[in-house]
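Letters A, B, ... are given to chains in the order of the sequence lines, protein chains preceding strands, and every chain is numbered from 1.
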Amino acid sequence: MSEKPLSVEIKKITPYLWEIPKKGGMLVPGRIYGDEETILHLLKDAEEKKGGGFTPAIVQVLNVAMLPGIQKASIAMADIHPGYGFAIGGVGAFDIDEGVISVAGVGFDINCGVRVLKTPLDKDDVEAKKEQFANQLFRDVPAGLGSTGDIRLNSGEIDEVLIKGAEFAVKKGYGFPEDLEYIEENGKVQNADPDNVSKKAKERQFKQVGTLGSGNHYLEVQWVKEIYDLKAADAYDIRKNQILIAIHCGSRALGHQIGTDYLQTLSEASRKYNIPIRERELVCAPFKSPEGQRYFTAVNCGINGAFANRQVISHLTRKAVQHVFGIDMRDIALLYDVGHNTVKIETHEVDGVNKKLLVHRKGATRAFAAGRVEVPAAYREVGQPLLVGGTMGTASYILCGTQKGMEDCFGSAVHGAGRAMSREKAKREWRGEELIHELAHKGILIKSRSKSGVAEEAPGAYKDVDKVVDIVHGAGVNKKVARVRPLICVKG
DNA sequence: ATGTAC
């Protein structure tokens, strides 16, 4: 726990992949996807924080490499930046028997993720009714800190959401059964036990199903500007100029409360099981311990809660599209839904042997390649869609998983641009009102109840998403399919 | 990220 002087050695493996050699208490090396600029930024950040403050992201990668049971490498994707305990963009895979489970490896916004809806509209259709459409979405989709939805759940139903995820929402009339096929895990992970979720977490959940939340969460109307991979785009059924709608949100207060509750549990477990912890934020428990299992079955409830949330928001979105453009809701299909704050049991090859691993992805998306049974049949020949959220002023991407990604980083992807600047600093640097004005000038309508929230999310506070995507594409672990640009952004 | 906080 004491402050140790920083001495991080980092080696270039390829122009897009760097390695922190295994030394000291590290059980595996650290591996970071990035270019020279990424690494320089990380080292500079580490140097500045030598005197204290938050642990730099590069040290967080190294800390994770010391956790018991870690396999192959402690990995960070190209959108790496400092997070709680684990770096955001961090991927840590652990042996099921010897390994640990960590709250920080998932993050507090459990199963925060992105889903994308495909509309039959073109860019021109939306341009013609942009203001009206933006207002409709802003009215229909609850957004902002403490926002509540129309659904009120009784206690039995809360448990049902936690067990059934998106399936519960569909059963209640939000969306269609065929949506479930296009959600990672079909919108419902197993091993979810509501008995291990506190009463407080459940109480915080009951009015929040179908709400966007705040921070970097958003609903964005986008148009497809470029297609890079025709075969994959065909399989995903997306085309140039088409209007897509991206929904980025998570498990709201439910996930946050589960994280808070289990941080305490795992803190005690770390001591009980004598796990060497370099910093307080990285507390964890052996996965097979009772404490580890309790967290796992609780985090799965959070994961299902987030799936249900995005499912309900999809319905509200479809209704708004139907209202403004007279389009049948059934003609708005789901492209895919992926979480980027998760922990899952997955099979991966380690030293030539298929092994069940516990994979933590914190600000990293699962990115399975062609052929994996987890990928929906319609996409199985090209690989899983990866939904990468950029910033409200720049671009977002649709990528697909690759075999190299399966081999090198447990089938993982970047999840966004990645912050380059803290929220505090961004608020000092920009004014929400001015940003909204500037973006309107560029043809991007922002709808938000919080001006300071907009400033925190200023495009300039993030890394360049094009560069971040070029890194993982260049490294061969994620493949470019399409690039989209925003037209309307509804924010918390 | 979160009804801004041991």
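For the pair A:R361 CZ and B:dA1 P, the interatomic distance rounds to 20 Å; values are reported in whole Å. Summarising the geometry, the separation between CD on A:E203 and P on B:dT2 is reported as 19 Å, rounded to the nearest angstrom. Taking atom CG of A:L145 as the reference point, atom P of B:dA5 lies 10 Å away to the nearest angstrom. The distance from atom CG of A:N309 to atom P of B:dA1 is 14 Å, rounded to the nearest whole Å. Between the CG atom of A:D109 and the C1' atom of B:dA1 there is a distance of 5 Å, given to the nearest Å. What separates CD1 of A:I88 from P of B:dA1 is a distance of 8 Å, to the nearest Å. Between A:F86 atom CZ and B:dA1 atom P the separation is 19 Å, expressed in whole Å. Per the geometry, CD belonging to A:E424 stands 14 Å off P belonging to B:dT4, to the nearest Å.
Applying the 4.0 Å criterion to OP1 and OP2 of B:dA1, one finds that A:R423 has a side-chain N or O inside that range. For A:R252 and B:dT2, the shortest distance from a side-chain N or O to OP1 or OP2 is below 4.0 Å. At the phosphate of B:dT2, neither OP1 nor OP2 sits under 4.0 Å from any side-chain N or O atom of A:T260. A sub-4.0 Å separation between OP1 or OP2 of B:dA1 and a side-chain N or O of A:N341 is absent.
If you check every strand for non-hydrogen atoms under 4.0 Å, A:G215 touches sugar and phosphate atoms only.
A:S270 and A:S267 are not linked by any side-chain donor-acceptor pair at a separation below 3.5 angstrom, with hydrogens and angles left out of the test. There is no side-chain donor-acceptor pair under 3.5 Å between A:S251 and A:N111. Counting only N and O atoms by type, the side chains of A:K164 and A:N304 include no donor and acceptor under 3.5 Å apart.
Between A:Y336 and A:Y182, the gap from one ring centroid to the other reaches at least 6.0 Å.
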